[in-house]
Amino acid sequence: MNNKVRVRFAPSPTGYLHLGSVRTALYNWLFARQNQGVFILRIEDTDRARSTEEAIKVIIEGLQWLGLNWDEGPYFQMERLDIYKKYAEQLIQEEKAYYCYCTPEELEDIRQSALAEKKPPKYDGRCRYLTEEEKKEYEKQERKPVVRFKTPRKGETTFVDLIHGEVKFENLLLDDFVLLKSDSVPTYNFAVVTDDQLMEITHVLRGDDHISNTPRQILLYQAFNWQLPKFAHFPMILGIDRGRLSKRHGAVSVLEYKKQGYLPEALINYLALLGWGTKESEEIFASEELIKNFSLERCGKSAAVFDLQKLVWLNSLYIRQIPIEKFYFYGREELEKANLIPENTDENYIKKALALEQEKIKLLTDIPNLLEFFFKEDIIYREEAINKVLRKEGTDKILDDSAVFLNAQENFNADHLEEIVRKYCAEKNLNTKQVFHPLRVAVSGKTEGPSLFHMLELLGKERVIKRIEKAKIFTKIVVSG
RNA sequence: GCCGCCAUCGUCUAGGGGUUAAGGACGCCGCCCUCUCAAGGCGGAGAUCACGGGUUCGAAUCCCGUUGGCGGCACCA
């Protein structure tokens, strides 16, 4: 028997690709890669009302962005209806399933009265033993039946979860759940089991929320005499209020994180850490290291709160680490989106500007704001910068002098400029800060930014002088009131 | 209501009977470095290991119970 690991990610295409789903996908992917197994993508689109083409696109795009490549699929359950029908019929034949003609209204009544008696709201199985006459009567009424499973009414179903250990359920608590809906589309539990069997899935790795579906599925495996896969259920990801992570906690869609300027490797790293850790509590893992180190045994059992601050930190760390060529690729995109790059701008100029700010970028989307002054001719002088720096006593004289001696320089490289500015400070008996700060504000409009002299070098003499002249206006305005 | 899962700093976690008045990371605070902002370095605050009972010479660690949180109980997945 072939014992190659085969796992799957089986999202339903309703809406966006949720972070929790992505982590499930990631863990499946890691497990497959680590075991030289097969990672399958299966789209569970049997909910016709909610499934959309758009959502399918989003799943595929999201996984691709994150580099979670799959080896088989995508399979679509709606293209496999004949298969499910065939297996449902087999169960009916073997009297392990039956047609149920109850209407939604009747089912609702059953539920309500059960609830009223403080009993579990489950189907009572009334169609289990219909006579031929009764069936005919219903057929005459043109009722479309569903197929229900004859759930055993005694015994218990036990399984060993790879991360939770033994889990036990009383069969009596389960009801005769639906296998095929009245339109012959399978329900989740039925489709999952037949697909996992036919696709030879060896390990079912999914979210905690499926734990209570597992006994139903196991009962189906047993009805078919199929061998059980191994199960592992990952804990949920929660929002700060410890509720299920949802839109009210902020972005929850993977592609939204792409849009907001996160790097895929940062998101992967962060998600991996949410529910899994090493003995040494290391934090930084590239994908290859995750593949090597990941293990189901080291997955936690308790739900984890999603912490955006830590993601941001990881993101800034990854941004600092990427080589300038790659950073240029991302940076240029952001600058173009913000319409900041004038025509005929030299590639090297952009690259150098980016290099000067790289270590400060937390999100790629920070780039336009931080680099604006390198590209716009009319820079904005921030009010705080004007008040705190430009309006200081003596600043006008310093800017005057600077314009003169900077203008006299042939050599405009950073080291040289630093030398002469420091010399000027010494001659005039000025604290370096008294000169550096006004120059910085004059040239960038801000009090914070990259190293002053590298900034001057990059901007070039012409622009520097022009900006210094412009900044002088602010030194003369006297605040009234 | 019933069933199930879970429970260590604000958050993610390490630690699975004694070497732990619990280690790391994010965040927060302070200092250093420094032309600013970051980054970096150093340090600090922050957890009576949910609570109550056992077991044991000894329990964050094992067992039971309670509480709380979450999940499931659909012709949703």
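Below, read A as the first sequence line, B as the second, and so on, with proteins coming before strands; counting in each chain starts at 1.
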At less than 4.0 Å, is any side-chain N or O atom of R148(A) found next to OP1 or OP2 of C75(B)? Yes or no. yes

With a cut-off of less than 4.0 Å, is there a side-chain N or O of T278(A) near OP1 or OP2 of A14(B)? no

Using a cut-off of 4.0 Å on non-hydrogen atoms, how would the nucleic acid contact of C100(A) be classed: base, sugar-phosphate, or nothing? nothing

Scanning all shown strands, the Watson-Crick or wobble mate of G68(B) with both distances under 3.5 Å is C6(B)

Interatomic distance at P, U66(B) relative to C73(B), whole Å: 25 Å

What is the separation between atom CD1 on I110(A) and atom P on C75(B), rounded to the nearest whole Å? 10 Å

Does T447(A) reach a base, just sugar-phosphate, or nothing at all? Heavy atoms under 4.0 Å. base

Please check the phosphate of A77(B) (OP1 and OP2 only) for any side-chain N or O of R48(A) closer than 4.0 Å. no

L172(A) CG - C3(B) C1' separation (whole Å): 11 Å

Assign G275(A) to base, sugar-phosphate, or nothing according to its heavy-atom contacts below 4.0 angstrom with the strands shown. sugar-phosphate

Under 4.0 Å between any heavy atoms, over every strand shown, what does V178(A) touch: base, sugar-phosphate, or nothing? Just pick one. sugar-phosphate

H210(A) and Y188(A) aromatic centres sub-6.0 Å: yes

Between K181(A) and C76(B), does any side-chain N or O lie under 4.0 Å from OP1 or OP2? yes

Compute the ring centroids of Y270(A) and W313(A), then answer whether they are less than 6.0 Å apart. no

Just checking I361(A): base, sugar-phosphate only, or nothing, at a heavy-atom cut-off of under 4.0 Å? nothing

For the residue pair F436(A) and F453(A), is the inter-centroid distance of their aromatic rings smaller than 6.0 Å? yes

Among C5(B), A77(B), C75(B), which nucleotide has an atom closest to any side-chain atom of L107(A)? C75(B)

My understanding is that a pair needs two contacts under 3.5 Å, Watson-Crick or G-U wobble. By that rule, which nucleotide pairs with A38(B)? none

What nucleotide, of C2(B), C73(B), G71(B), holds the atom closest to the side chain of L173(A)? C2(B)

Looking across every strand, which nucleic acid part, if any, lies under 4.0 Å from R298(A) by heavy atom: base, sugar-phosphate, or nothing? sugar-phosphate

Separation of the P atoms in C57(B) and G23(B), to the nearest angstrom: 29 Å

With a 4.0 Å heavy-atom cut-off, tell me which residues in residues 159-171 of chain A come close to RNA chain B, sorted by residue number. H164(A), V167(A), K168(A), F169(A)

Any R50(A) side-chain N or O less than 4.0 Å from OP1/OP2 of A77(B): no

Please work out if H210(A) contacts a base, only the sugar-phosphate, or nothing of the nucleic acid, heavy-atom cut-off 4.0 Å. base

Within the modelled atom types, does a donor on one side and an acceptor on the other bring the side chain of K301(A) and the base of C6(B) under 3.5 Å apart? no

Testing K230(A), R42(A), R206(A) for salt bridge (Lys or Arg N to Asp or Glu O under 4.0 Å) with D196(A), which one passes? R42(A)

Determine the interatomic distance between P on C6(B) and the same-named atom on A14(B); round to the nearest Å. 15 Å

Identified pairing partner of A25(B), criterion: Watson-Crick or G-U wobble below 3.5 Å: U11(B)

With C1' as the reference atom in both, quote the distance from A7(B) to A47(B) in angstrom, rounded to an integer. 13 Å

Could you check how far CZ of F234(A) sits from C1' of C6(B), rounded to whole Å? 16 Å

Could you run down nucleotides 25-35 of chain B 5' to 3' and tag each one B, S or - for protein heavy-atom contact under 4.0 Å? BBS-------B

Which of these nucleotides, A74(B), A77(B), U11(B), is closest to any side-chain atom of R111(A)? A74(B)

In whole Å, measure the gap between the P atoms of C49(B) and G53(B) for me. 13 Å

Side-chain N or O of R216(A) less than 4.0 angstrom from OP1 or OP2 on C73(B)? no

Which whole number of Å gives the distance between the C1' atom of G4(B) and that of G17(B)? 29 Å

Would you measure the distance from the P atom in A60(B) across to the matching atom in C9(B) and give it in whole Å? 15 Å

Measure distances between side-chain N and O atoms of N213(A) and base N and O atoms of A77(B), and say whether any donor-acceptor pair falls under 3.5 Å. yes

Any side-chain donor near an acceptor of the partner, T157(A) and N171(A), under 3.5 Å: yes

Rounded to whole Å, how long is the line connecting atom CG of L19(A) with atom C1' of C12(B)? 15 Å

Select base, sugar-phosphate, or nothing to describe what K122(A) touches, counting heavy atoms under 4.0 Å on all strands. nothing

Counting only Watson-Crick or G-U wobble pairs whose two distances fall under 3.5 Å, which nucleotide matches C57(B)? G18(B)

Which whole number of Å gives the distance between the P atom of C42(B) and that of U56(B)? 47 Å

If you look at every strand shown and take non-hydrogen atoms under 4.0 Å, does S316(A) touch a base, only sugar-phosphate, or nothing? nothing

Look at the side chain of S212(A) and the base of C73(B), then say whether one donor and one acceptor between them are separated by less than 3.5 Å. no

